[in-house]
Amino acid sequence: MRGPRAPLFLARAVYRQRRLRDAARLLPLVGFFLLMLPLMWSDATGAGRTAVYVFGVWALLIGLAAYVAPGLAQPEADAQPEDA
């Protein structure tokens, strides 16, 4: 006989928090790709447009990190005590 099984589906809050953590893990990779993208552009694009793009991506990444950060500060809802 085995002990009680974990539920098949997670609670909605736990699911959302885990997806938020996944998004936080992907944010640096997406940022790296977006910041390296101007290296593939042709020389016809001016340096001014490239600078505006890089700073725009930079500001977007800061905004996304600020949006994600409060959700990461909350403890996980399904954390069980050690003696359970």
**Study point:** Closest contact, heavy atoms only, Gly31 versus Leu61
**Key:** CA-CD1, 3.6 Å

Review point. Is there a path of hydrophobic side-chain contacts, each under 4.5 Å between heavy atoms of I, L, V, M, F, W or Y residues, that connects Phe32 with Val30?
Key: no

Check your understanding: Can you hop from Leu27 to Leu60 via hydrophobic side chains spaced under 4.5 Å?
Key -> yes

Review point. Hey, any chance Leu64 and Leu35 share a hydrophobic cluster, counting ILVMFWY side chains that come within less than 4.5 Å of each other, even indirectly?
Key: yes

Review point. Rounded to the nearest 0.5 Å, how far does CZ of Phe33 lie from CG of Leu26?
Key: 13.5 Å

Check your understanding: Taking the six-membered ring of Tyr53, is NZ or CZ of Arg49 closer than 6.0 Å to its centre and within 45° of its axis?
Key -> no

Review point. Roughly how far apart are Leu20 CG and Leu72 CG, rounded to 0.5 Å?
Key: 5.0 Å

Practice item. Report yes or no: do Val57 and Trp41 belong to one cluster of Ile/Leu/Val/Met/Phe/Trp/Tyr joined by side chain heavy-atom distances under 4.5 Å? Key: yes

